[in-house]
Amino acid sequence: MILRCLAWLVLSFAALSAQAAGFVEMDGATPPPLQLKDRNGNSHALAAYRGKVVLVNFWATWCPPCREEMPSMQRLKEKMSDRAFVMLGVNSGEPAEDLAEFLKLVKVDFDILLDSDSAVTRRWKVFGLPTSFLIDRQGKVRYSLTGVTEWDQGEALALIEGLLKQD
Amino acid sequence: MNVRLRFFPSATTMAVMRFLFACILAVMALAPVRAEEVSLALPSGETLAFSRYPADGKELLLWFASEHGLAPAEVQAARELAARGTEVWQFDLLAAFFLPPANSSMDGIRAEDVRAIFGAARKTGAAVVVYAVNRAAVPVLKGLADRAAEHTKVLLMHPHFYSAVDTLVGADYLSFGSLSSVDALVLQPRRSAATPWVEDQLAALRKQGARAELLMLENVREGFWVREGATEFELTEGERLADLVNEWRARVK
């Protein structure tokens, strides 16, 4: 019985360790359409950013990992201010009021788009939050990540820099 | 000389006695129902240990914990339900079988073993309702599949029965067989990444023959009764989990 308990503990730890997420290289497919309004009512279409590298980040205010990566996204935005780089935060399935309350507390100034009815979330087949996509200058999906990362350093920054170097 | 002693309590004494009696009744009512540890021999040869919260009522709730195990709020809810007359059998299948907390562990539990649990429950003669959390939906639905004669009411708390999930591609759902004997109420916290997909989950259940309805739980997240950093509302809802289970149970047709 003791051995079974130990084995269970080891397996449990292994299962939890295996949950760490990483970037997944995608096959460069064209992403589904994305056209949404930001909180000021301005419309943003992903297609309009052709020629730039785009980070599309699906998130929600009630999601702790989403909130966790917000500061690094803001730092990334500031770091990339003079580069061909755009960040679009797609707020999934929440009313505009919830977002407004959240943004009183968390100061970010990148574009946050409202997907209140989750229609775009469904179209992009997003099953977990946060989920992020890196889109290259040609408008193709090159990487996805379900889970949290530090966007202004390490692997995330290296992948973005790599995409910026490509035509 | 016959001396007959009579005790005529004063009004004050009577009031004190009535108060003490009321206190005793209140303590009895509030006293937590003690769990009995029960073992059930299964067709696979395993022995399943579970907690039974006995009650005198004619209703039996089979409570299947998620792959993350039982939370204190769930144990407390089982005690409270039993104190109010609903017997509860509470199962932490993965802990009982020493399996790691993973979807694959839940998926690997044998249908005939789960059927044995349902069989033992039905033998009590009580009206059985099943409550399954997250991936526990998988063994429960496997155990209920292809049992046309055994109508069962099931509460599925944010059920999770994807077979595959691919970002940008889509999701597939597990097939269990015929669920024509199942009346399911899907309980979906609004604040969940699964919320945009809940209608697909309902469709998957209906396609397999279940009668499946949705109850959206507003302003809470998955596992609101056990979350770190819970909101005030989630804490309140978690504290009244027994009440909520009773309300949900009444909604299953």
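Side chains included, hydrogens not; waters and symmetry mates left out as well; all remaining heavy atoms used. Naming: A, B, ... by sequence-line order, numbering from 1 per chain.
Checking side-chain atoms of B/Gln208 against main-chain N and O of B/Leu174 turns up a donor-acceptor pair under 3.5 Å. A donor-acceptor pair under 3.5 Å links the side-chain atoms of A/Glu94 to the main chain of A/Thr61, judged by distance alone. In this structure, the side chain of B/Ser105 does not engage the main chain of B/Pro101 through any donor-acceptor pair within 3.5 Å. Judged purely by atom type and a 3.5 angstrom limit, B/Lys142 uses its side chain to pair as donor or acceptor with the backbone of B/Ile109. Listed for the B/Asp113 side chain is a donor-acceptor partner under 3.5 Å among the backbone atoms of B/Ser44.
Heavy-atom distances place the backbone of B/Asp166, and not its side chain, under 4.5 Å from chain A. Residue B/Arg221 touches chain A through its side chain alone, counting heavy-atom pairs closer than 4.5 Å. Heavy atoms closer than 4.5 Å to chain A are found nowhere in B/Thr195, neither backbone nor side chain.
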### Task
Evaluate the criterion ring pair (Phe, Tyr, Trp, His ring centres under 6.0 Å) for residue pair A/Phe102 and A/Trp59; output intermediate values, then yes/no.
CA-CA 12 Å; A/Phe102 175 78; A/Trp59 70 288; 5.3 Å; yes
### Task
Check step by step if salt bridge (charged side-chain N to carboxylate O under 4.0 Å, His left out) holds for B/Asp107 and B/Arg135.
CA-CA 8 Å; B/Asp107 300 356; B/Arg135 195 72 179 187; 2.8 Å; yes
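Across every non-hydrogen atom of B/Ala35 and B/Tyr53, the tightest pair is CB-CE2, 3.4 Å. Between B/Ala82 and B/Val88 the shortest heavy-atom distance is N-CG2, 4.5 Å.
Within residues 111-141 of chain A, the residues having any heavy atom under 4.5 Å from a heavy atom of chain B are, by residue number, A/Ser118, A/Thr121, A/Arg122, A/Trp124, A/Lys125, A/Val126, A/Phe127, A/Gly128, A/Leu129, A/Thr131, A/Phe133, A/Val141. Using non-hydrogen atoms only and a strict 4.5 Å limit, no part of residues 150-167 of chain A faces chain B.
The aromatic rings of A/Tyr49 and A/His44 sit parallel, their planes meeting at an angle under 30°, below the 60° perpendicular limit.
Under the 4.0 Å criterion applied to side-chain N and carboxylate O atoms, A/Glu78 and A/Arg75 are not assigned as salt-bridge partners.
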